[in-house]
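Worksheet: the structure to be examined is printed underneath.
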There are 2 protein chains.
Amino acid sequence: MKKFAVVLSGCGVFDGAEIHEATLSLLAIAQAGAQYELFAPDILQYHVVNHFSGELMSETRNVLVESARIARGKIRPLSAFDASAFDAILFPGGFGVAKNLSDLAFKGADCIVNVEVENAIKAMLLAKKPIGALCIAPAVVARVIKGVQVTIGTDKGTAAAIHAMGGKHVITNHGEVVEDTVHKVFTTPCYMLDATIIDIYNGANNVVQLMMESLK
Amino acid sequence: MKKFAVVLSGCGVFDGAEIHEATLSLLAIAQAGAQYELFAPDILQYHVVNHFSGELMSETRNVLVESARIARGKIRPLSAFDASAFDAILFPGGFGVAKNLSDLAFKGADCIVNVEVENAIKAMLLAKKPIGALCIAPAVVARVIKGVQVTIGTDKGTAAAIHAMGGKHVITNHGEVVEDTVHKVFTTPCYMLDATIIDIYNGANNVVQLMMESLK
């Protein structure tokens with residue numbers, strides 16, 4: 001049975017992992033007949049956003065602790081990730097990827113990626129194992145893997161940042177996947193487009209299916 | 001196009017709405033060709049549980065504000081719910097249903113249901129519109145609708161509480177739905193059983209499909 005590591009960045013689109021993308025990735029992995037295990041870095045969130053009002057909250061929350069909400073408690077610190085124990089790694093999106101797993105939201109092409117995230121991506125690349133990324137997460141993969149070809153949909157600012165980081169951006173529509181066969185990187189736009197929950201399911205499912213194909 | 005109201009109880013299985021049940025309910029509704037709108041009561045959570053350690057946290061969080069994480073900000077206070085604007089209502093599970101939408105987790109058969117939740121259920125019952133409930137939520141429906149037939153799976157304690165509240169409990173396995181045709185109430189166990197995410201999708205989907213059938 002193939003085994004995916006899924007890396008979360010909190011719990012909620014505006015300051016953490018996008019919940020639909022995370023949940024539907026897990027569903028797609030299970031439906032593909034594979035297993036998954038969840039990881040998140042044990043760090044403070046960049047900030048906490050009130051998802052009802054959109055305003056900042058004067059709180060601190062931990063990325064691992066909040067990610068555990070999506071994981072129903074079954075999650076490990078990303079520091080414990082061992083690439084040899086997994087066949088594939090998948091990054092759902094959400095602003096948490098650009099605020100907690102990196103500072104992409106603030107620094108753009110000059111962003112710094114969390115060292116555990118960077119190590120996990122590099123270890124899977126070195127092992128020639130597939131790397132999947134949804135929504136904004138492909139931009140972080142592009143920061144770590146120079147020259148990778150990815151998609152985040154149609155957003156011009158993010159596409160320009162990907163080019164500035166040495167990557168190649170391909171425009172896509174709902175559910176479409178860009179496959180970089182050299183680096184085994186699979187990306188799809190999800191909520192980077194104005195998408196429905198069905199689009200998110202299709203995007204996550206298409207990425208997982210192609211990752212499974214690459215493992216045959 | 002049929003329209004579902006989906007009522008959330010926070011964001012996270014141990015103190016709020018179960019995230020997979022909520023997300024997969026939304027997917028099932030969309031896949032059935034229906035629309036949804038999200039609601040939650042604007043009240044404080046009973047408590048906040050660290051989902052990584054299982055310990056209580058010395059914080060307060062608001063049910064509406066945290067539910068907005070699952071809703072991506074598109075959610076209204078349950079006080080604004082108008083039964084005439086919806087064809088159906090659905091309650092995903094999670095401990096939030098038993099801690100925030102009611103005090104079922106602490107009082108069992110003697111529980112008090114949040115008045116907005118009670119009013120919403122009663123208004124839909126009066127309008128002969130279908131009511132769906134997943135996981136532990138059927139027990140709260142049983143507190144409001146005397147004599148209703150529901151399932152929460154196989155848990156003997158909760159089944160006994162349902163009987164003590166005047167309801168009838170039917171034992172079910174993964175994905176099975178109990179349909180009370182008199183009250184138009186549709187229930188399935190989801191994570192009240194030791195379930196996989198595929199079981200949750202099947203359960204939510206089966207409930208939504210039967211609710212849609214009842215609307216023909």
Side-chain angles (χ1 to χ4, degrees), chain A residues 10-33 35-36 38 40 42 48-55 57 59-77 94 96 191 195-202 204-205, chain B residues 10-33 35-36 38 40 42 48-55 57 59-77 94-95 191 195-202 204-205:
Chain A
C11 178
V13 57
F14 300 129
D15 58 18
E18 209 298 310
I19 289 173
H20 303 178
E21 292 174 4
T23 302
L24 298 174
S25 292
L26 302 185
L27 179 65
I29 292 166
Q31 287 179 327
Q35 292 178 298
Y36 55 79
L38 292 153
D42 185 7
V48 181
V49 177
N50 178 318
H51 279 55
F52 183 65
S53 69
E55 291 165 358
M57 298 174 83
E59 290 188 17
T60 55
R61 296 188 186 182
N62 177 289
V63 174
L64 175 62
V65 169
E66 298 309 315
S67 297
R69 294 179 171 273
I70 296 174
R72 299 168 50 78
K74 293 178 83 173
I75 190 166
R76 285 197 288 158
Y191 280 123
T196 68
I197 195 165
I198 293 178
D199 297 324
I200 304 311
Y201 177 59
N202 291 341
N205 203 38
Chain B
C11 179
V13 56
F14 300 130
D15 59 17
E18 209 298 309
I19 288 173
H20 303 177
E21 291 174 5
T23 301
L24 298 174
S25 293
L26 302 185
L27 178 66
I29 292 166
Q31 287 179 326
Q35 292 177 299
Y36 56 79
L38 292 153
D42 185 7
V48 181
V49 176
N50 178 318
H51 279 55
F52 182 65
S53 68
E55 291 165 358
M57 298 175 83
E59 289 190 17
T60 55
R61 297 189 186 182
N62 177 288
V63 174
L64 175 61
V65 169
E66 298 309 316
S67 297
R69 294 179 172 272
I70 296 173
R72 297 170 50 80
K74 293 179 83 173
I75 190 166
R76 286 196 289 157
F95 272 105
Y191 279 124
T196 68
I197 196 166
I198 292 178
D199 297 324
I200 304 312
Y201 177 59
N202 291 340
N205 203 38

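Chain letters run A, B, ... following the sequence lines, proteins first, then strands; residues in each count from 1. In this text the structure is predicted, and so the values were computed from the model without any measurement.
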With a sphere of 6.0 Å drawn around OH of B:Tyr201, does it hold more than 12 non-hydrogen atoms of other residues, nucleotides or ligands? yes
Are the side chains of A:Tyr36 and B:Ile197 in contact, using a 4.5 Å heavy-atom criterion? yes
Pick from B:Val49, B:Val65, B:Val13 with the largest number of heavy-atom pairs that fall under 4.5 Å of chain A: B:Val65
From the options A:Thr23, A:Ile200, A:Thr196, A:Ile198, select the one residue that forms a side-chain contact (heavy atoms from CB on, under 4.5 Å) with B:Leu27. A:Ile198
Using a cut-off of under 4.5 Å for heavy-atom pairs, which of A:Glu18, A:His51, A:Gln31 has the most such pairs with chain B? A:His51
For residues B:Glu59 and A:Thr60, report the shortest heavy-atom separation together with the two atoms involved. OE2-O, 4.2 Å
Kindly say whether B:Cys11 contributes a backbone atom to a donor-acceptor pair with the side chain of A:Arg69 at under 3.5 angstrom? yes
So, the side chain of A:His20 versus the backbone of B:Ala71: is there a donor-acceptor pair under 3.5 Å, distance only? no
Side chain / backbone / both / neither for B:Ile29 at chain A, heavy atoms under 4.5 Å: neither
Side chain, backbone, both or neither: which part of A:Asn62 has a non-hydrogen atom closer than 4.5 Å to chain B? neither
Interatomic distance, CZ@B:Phe52 vs CZ@A:Arg76, rounded to 0.5 Å, equals 10.0 Å
